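A note on names: the letters A, B, ... follow the listed sequences, proteins ahead of strands, and every chain is numbered from 1. Only a predicted model underlies this, so the values are computations on that prediction, with no experimental measurement involved.
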Amino acid sequence: MLSSGSQRSSEIWADLSLLQQKLSKKVKIEPLSREVRLIGGCDCGIRKDKGIGVITVVELPGLREIEWSYWVGTIALPYRSGYLGFREVPLLVGAYRKLKNRPDLFLIDGQGIAHPRRIGLASHFGVVIDQPTIGCAKSKLIGDYREPPSTRGSYAPLLDGSELLGYVVRTKDNVRCLFASPGHRTDFPDALFWILHLTTGYRVPQPIRFAHHHAKEIQV
DNA sequence: GCGACAG
DNA sequence: ATCTTGTCGC
Ligand SMILES: [Mg+2]
C-alpha cells in the first residue's frame, strides 16, 4: 500500500524501499557537462525531530565561500541505514531553493550510488533537484575494497561483486579514507577528481566542512 | 543465528 | 547524528 494514512512500521520501510527503486531509475551516471566554477557543499544537523539543512557555495579558484543558505524542518522518520535520504533531502531542497547562486556541482555528506538500491543521499538529492551531485561519505555503507596506502591521493575501487560503486580515497596523509561515488549527472572520474581537488589540508572537502560548521553553530 | 550497518 | 575535555601525534 503506497501512500496512505497510518500504516504498520514494517510497511513504511517496504514502501520507501520501493520508492527508492523508482527514484534510482532516474539516476544518470555521465560526465559532468558544465564548466565548474561554483560548488555547493551540503550537510545537515539534527537534534531530536528538528533538523537544519545547509548549503554553502564556494568559488573556484580559491575555494572562498560566497554564499550559504539553510532550511529548518521537522524530521518524521527515525534513522535507518539505507534510508538517510528521506530525512535529509527535504532539508537540503529547502536550502537549495533559497540560494541566489546556482552551483555547477554539489558535494554531499553521504553516499551517491554506493547504496543497496543505488540511490544514496547524494543521488536522491540530485534526482530531486536534477543537478549534478557527488557523494562524499566518511564511512562505508556497502561494497568491498582493499585499503589504499596511507598517503594523500591513494585510492582503491569500491566494488559490489564486479560492479564499480565508487572509490575509497585517502584525502590526507595518515587519516581514514573517504568514500566517493557519483550521485547524479556525474561519473566515476568526476567523483575521484573533485573529491581530491576540493580537499586541502583536511580530510573532508572544504565545501562540506563549511556546511557542517554552519549547521552546527546555527543549531544552538 | 551472526555480522554489517551513510548520518 | 548526538552526548562531551583533555590529550597524544602528525
Ligand atoms: Mg552529515
Quiz item: Is any side-chain N of the basic residue among A:Glu67 and A:Lys98 closer than 4.0 Å to the acidic one's carboxylate O?
Solution: no
Quiz item: Does A:Lys216 pair with A:Asp43 as a salt bridge, N-O distance under 4.0 Å?
Solution: no
Quiz item: Mapping A:Asp173 and A:Ala215 to their closest nucleotides on DNA chain C, which lands nearer the 5' end?
Solution: A:Ala215
Quiz prompt | Given DNA chain C, 5'-ward residue of the pair A:Lys216 and A:Asn174, judged by closest heavy atom | solution = A:Lys216
Are any of [X]'s side-chain N or O atoms less than 4.0 Å away from OP1 or OP2 of [N]?
X: A:Ser81; N: B:dA4; answer: no
X: A:Arg47; N: C:dC3; answer: yes
X: A:Gln219; N: C:dA1; answer: no
X: A:Lys138; N: B:dA6; answer: no
X: A:Lys140; N: B:dA4; answer: no
X: A:His212; N: C:dA1; answer: yes

Self-check item: A:Asp130: which of A:Lys26, A:Lys28, A:Arg185 passes salt bridge (Lys or Arg N to Asp or Glu O under 4.0 Å)
Solution: A:Arg185
Quiz item: Going by the angle between their ring planes, with limits at 30° and 60°, are A:Tyr155 and A:Tyr167 parallel, tilted or perpendicular?
Solution: perpendicular
Exercise. Check the side chains of A:Lys172 and A:Thr199 for a donor-acceptor pair under 3.5 angstrom, ignoring hydrogens and angles.
Key: no
Base, sugar-phosphate, or nothing: which does [X] touch, judged by heavy atoms less than 4.0 Å apart?
X: A:Tyr83; value: base
X: A:Leu121; value: base
X: A:Gly82; value: base

Could you tell me how far apart [X] ([atom1]) and [N] ([atom2]) are, to the nearest whole angstrom?
X: A:Ile75; N: C:dT2; atom1: CD1; atom2: P; result: 11 Å
X: A:Arg80; N: B:dC5; atom1: CZ; atom2: P; result: 16 Å
X: A:Ile142; N: B:dA4; atom1: CD1; atom2: P; result: 16 Å
X: A:Arg176; N: C:dC10; atom1: CZ; atom2: P; result: 17 Å
X: A:Ile46; N: B:dA6; atom1: CD1; atom2: C1'; result: 12 Å
X: A:His124; N: B:dG7; atom1: NE2; atom2: C1'; result: 15 Å
X: A:Asp49; N: C:dA1; atom1: CG; atom2: P; result: 18 Å
X: A:Glu88; N: B:dA6; atom1: CD; atom2: P; result: 12 Å

Quiz prompt | Ring-face cation of A:Lys138 near A:Phe179 (centre distance under 6.0 Å, axis angle within 45°) | solution = no
Exercise. Could you tell me whether A:Arg209 sits above the aromatic face of A:Tyr202, with NZ or CZ closer than 6.0 angstrom to the six-membered ring centre and within 45 degrees of the axis?
Key: yes
Practice problem: Examine distances only and state if a side-chain atom of A:Gln20 and a backbone atom of A:Gly82 form a donor-acceptor pair shorter than 3.5 Å. | Solution: yes
Quiz item: Can you give the dot-bracket line for DNA chain B, where a pair is Watson-Crick or G-U wobble with both atom distances under 3.5 Å, crossing pairs use [ ], and | marks a partner on another strand?
Solution: .......
Exercise. Compare the ring of A:Tyr79 with the six-membered ring in the base of B:dG7 and state whether they stack (centres under 5.5 Å, planes under 30°).
Key: yes
